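No experiment lies behind these values; they were computed from the predicted model shown. Throughout, protein chains are lettered first and strands after them, A, B, ... in sequence-line order, and every chain is numbered starting at 1.
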Number of protein chains: 2
Amino acid sequence: MKPTVHDIARSAGVSLATVDRVLNGRPGVRRITQEKVEEAIAVLGYVRDVAAANLAKGRTYAFTFVLPENDNSFMIGLREEVEQAVGRSGAERTRIRVVDVPPFDGQALSTMLEGVLAERPDGVAFVAVESSDVQAAVARLREAGIAVVTLVSDLPGSQRHHFAGIDNHAAGRTAANLLGRFLSGRDGRVAMVAGSMLVRDHRERLEGFLSVLSEDFPRLAILPVIEARDDPAIAEELVTGLFRRYPDVIGLYSLGAGNRGILKAVRSLPEARRPVIIAHELTRSTRAALADGVVDAVLNQDAGHEVRSAIRVLKAKADGLPVIAAQERIRIDIFLKDNLP
Amino acid sequence: MKPTVHDIARSAGVSLATVDRVLNGRPGVRRITQEKVEEAIAVLGYVRDVAAANLAKGRTYAFTFVLPENDNSFMIGLREEVEQAVGRSGAERTRIRVVDVPPFDGQALSTMLEGVLAERPDGVAFVAVESSDVQAAVARLREAGIAVVTLVSDLPGSQRHHFAGIDNHAAGRTAANLLGRFLSGRDGRVAMVAGSMLVRDHRERLEGFLSVLSEDFPRLAILPVIEARDDPAIAEELVTGLFRRYPDVIGLYSLGAGNRGILKAVRSLPEARRPVIIAHELTRSTRAALADGVVDAVLNQDAGHEVRSAIRVLKAKADGLPVIAAQERIRIDIFLKDNLP
DNA sequence: GAGAATTTGAGGTACGTAAATCAAATTTAT
DNA sequence: ATAAATTTGATTTACGTACCTCAAATTCTC
């Protein structure tokens, strides 16, 4: 049978109260007694029953998720995952609140974070925008003892505890590797469509992509990056213009959202002129495009994993516990038409 | 505040005991009373606190994992994941026992399953071998009310409750897609190395691989499959022989284990003659080969996910609860040198 | 060695649910 | 209408841990 606190009290020859004091770091225990208890814990292999402990504590965690009001499928999906987490919040002893901010707007984000600070939650998760205001807001959150996690897009210079998202540099490199190999032997231009260079995830993807492409696939000419603000309508217009200007685009890397618009523009091309496409995020439109061959590969970050990981980390940080980095690493999923889930 | 059984008792105007009877399907409640209670549950949005319930029940689940005594890295890794689950068993209210069987031996496996049956665990997980003896053993396990899950390799005709593994057909198709595109434009032969055609996972991978290759990449000639019993030494010998016989092998799909041997054989070739390689399972040797360019892509099934999923399913089945299929789907991970974890 | 300070013990209550007992109330059958 | 059967209520104990109080024992200080 699994040992309980009673067992270690008996084994160490002390009372339950003393075991409790040692276990929960309460004062009033001599060094010698503490060591006796700790030895008993080690010998019996005692591990705290977390479920029972939580039940007894009745602690709940108040977390706030700050999400951009983007209307692309990925952000909508992310929001849904957060909503689902809200739905589970009873079972997980969390109270999760969602607040909205305008996208790509550091000013608005930092103001919102200040507002969140006033409510003193136990933790905050947000999609970062690069800005010194945001950095300052994070610093103040941490000063107030609030756990801070960036979600999807990181803010490395800041005091955030953790980043729940993929390695975007690696994602860009992977995209370049696939695109380069799929185009092996051919000459032509490669285009890139991003959301905004203000968000770190897009910048990093681009960086990784360019470094591999220029190093390993020098026969491919690289066009200047297009910024479409993750908006399908803007993307469609810009990409249509791109194809008009450059008839020899043979590869396209869509590293942001708004794929719906990009794909619409591509589909209006004759089949022979359509480029090899690597896109990000498995949504309804990218999935359909994968299935019918318009898109060749999709790199995906699982929004559900990211949200659940963020919550686990916020809990751990709120309790001052360490996080197991390997367990919280978010993977880059690669989907071809043959391994669609 | 989250409603408790007390709240629903008060709200329904019945006693705690009656609520308990309804909640746990105990007899002795009139239809009308039951409906009152159920309405109160719905109105208040009550959800059972699983942690508290488990604490009160003190139920533990006895599970047995039957693992083949293969000494390739994947099986060793799988075994480690099971051991880790054993380590967590205290916290998860499970008692997991691991037993060994000789690999690729239906007779030995079915005998072992009969032995497991005698101990009447709550559930059994095993790596299937195709054989009618095994089918019969599964039928007897189910008759005895024991939950049965196949792990890594399935046994579809049998009565098993669930398969915890990847879609191997899709994996084979994905491998063919990648290999075909990486070889685009080139002519030559493609070789396949499997463990054994007796295990379903290898057969299915091969099937998927061949169907895509023959359909989408007709310029690639397909060599007969090599069976190396997932043994590095055997694989090395056979692959070395293969290269001697066919100098124009430009692609290789390693769909089983024993990659260590295959890679040794490949490394002994001059660089110019090395084929494009797609392999399965991210192990020390495939990871190293990916990093230095000997292997081009690795398809991986996460053994940890598989084991944890198997345990969740066994628990659910032991309690007669449904499983959420989408949650238990094991993904095919694709690794290139740029997205290694 | 007396007094103060610290350490320890004993015991209780609480968390939310499960499971049991026994008595009381209600319904059903005759 | 009465007995039998069924349904319901009231109450208790338990799971493993947290946290509290108060008294008793031990150690420390001068």
For this session: Return the value, rounded to whole Å, for the distance between atom OH of B:Y46 and atom C1' of C:dG16.
Result: 7 Å
Problem set entry | Closest nucleotide among C:dG9, C:dT17, D:dG9 to the B:R21 side chain | D:dG9
Exercise. For A:D201, does its backbone N or O pair with a side-chain atom of A:S153 as donor and acceptor, under 3.5 Å?
Worked result: yes
Problem set entry | From D:dG16, C:dT17, D:dC19, nucleotide with atom closest to A:N24 side chain | D:dC19
Exercise. Please give, in whole Å, the distance from D:dC15 P to A:D7 CG?
Worked result: 11 Å
Exercise. Which part of the nucleic acid, if any, lies within reach of B:G28 when heavy atoms closer than 4.0 Å are counted: base, sugar-phosphate only, or nothing?
Worked result: base
For this session: Ignoring the backbone of A:A56, work out which of D:dA18, D:dG9, C:dG16 is nearest its side chain.
Result: D:dA18
Exercise. So which one's nearest nucleotide on DNA chain C is more toward 5', B:R30 or B:R48?
Worked result: B:R48
Exercise. Within the side chain of B:T94, is there an N or O that forms a donor-acceptor pair under 3.5 Å with the backbone of B:I96?
Worked result: no
Exercise. Roughly how many Å is it from CG in A:D49 to P in C:dC15, rounded to a whole number?
Worked result: 18 Å
For this session: Nearest whole angstrom, please: distance from the C1' of C:dT7 to the CD of A:E35.
Result: 16 Å
Problem set entry | Gap between atom CD of B:E281 and atom CG of B:N300 - 0.5 Å precision | 5.5 Å
Problem set entry | Side-chain N,O (A:S15) to OP1/OP2 (C:dG9) below 4.0 Å | yes
For this session: Would you mind reading off the distance between A:N54 atom CG and C:dA14 atom C1', rounded to a whole angstrom?
Result: 15 Å
Seminar exercise, completed: note: B:D20, atom CG; D:dT11, atom C1'; distance rounded to Å ~ 13 Å
Problem set entry | Gap between atoms NE2 and P, on B:H6 and C:dT17 respectively (whole Å) | 8 Å
Exercise. Hey, is the main chain of B:T64 close enough, under 3.5 Å, to the side chain of B:R97 for a donor-acceptor pair?
Worked result: no
For this session: Using atom CG of B:L55 as one end and atom C1' of C:dA18 as the other, report the distance to the nearest whole Å.
Result: 10 Å
Exercise. Given D:dA18, C:dA18, C:dT17, which nucleotide is nearest the side-chain atoms of B:K57?
Worked result: C:dA18
For this session: Please determine if B:R59 forms a cation-pi arrangement with B:Y61, meaning its NZ or CZ atom is less than 6.0 Å from the six-membered ring centre and no more than 45° off the ring axis.
Result: yes
Exercise. Starting at the 5' end of DNA chain C and moving along, which residue's nearest nucleotide shows up first, B:A52 or B:A17?
Worked result: B:A52
Exercise. Start at the 5' end of DNA chain D and walk down; is the nucleotide closest to A:L23 or to B:L16 reached first?
Worked result: B:L16
For this session: Report which part of the nucleic acid A:V14 touches: base, sugar-phosphate, or nothing (heavy-atom distance under 4.0 Å, all strands).
Result: sugar-phosphate
Exercise. Under 4.0 Å between a side-chain N/O of A:R26 and OP1 or OP2 of D:dC19, yes or no?
Worked result: yes
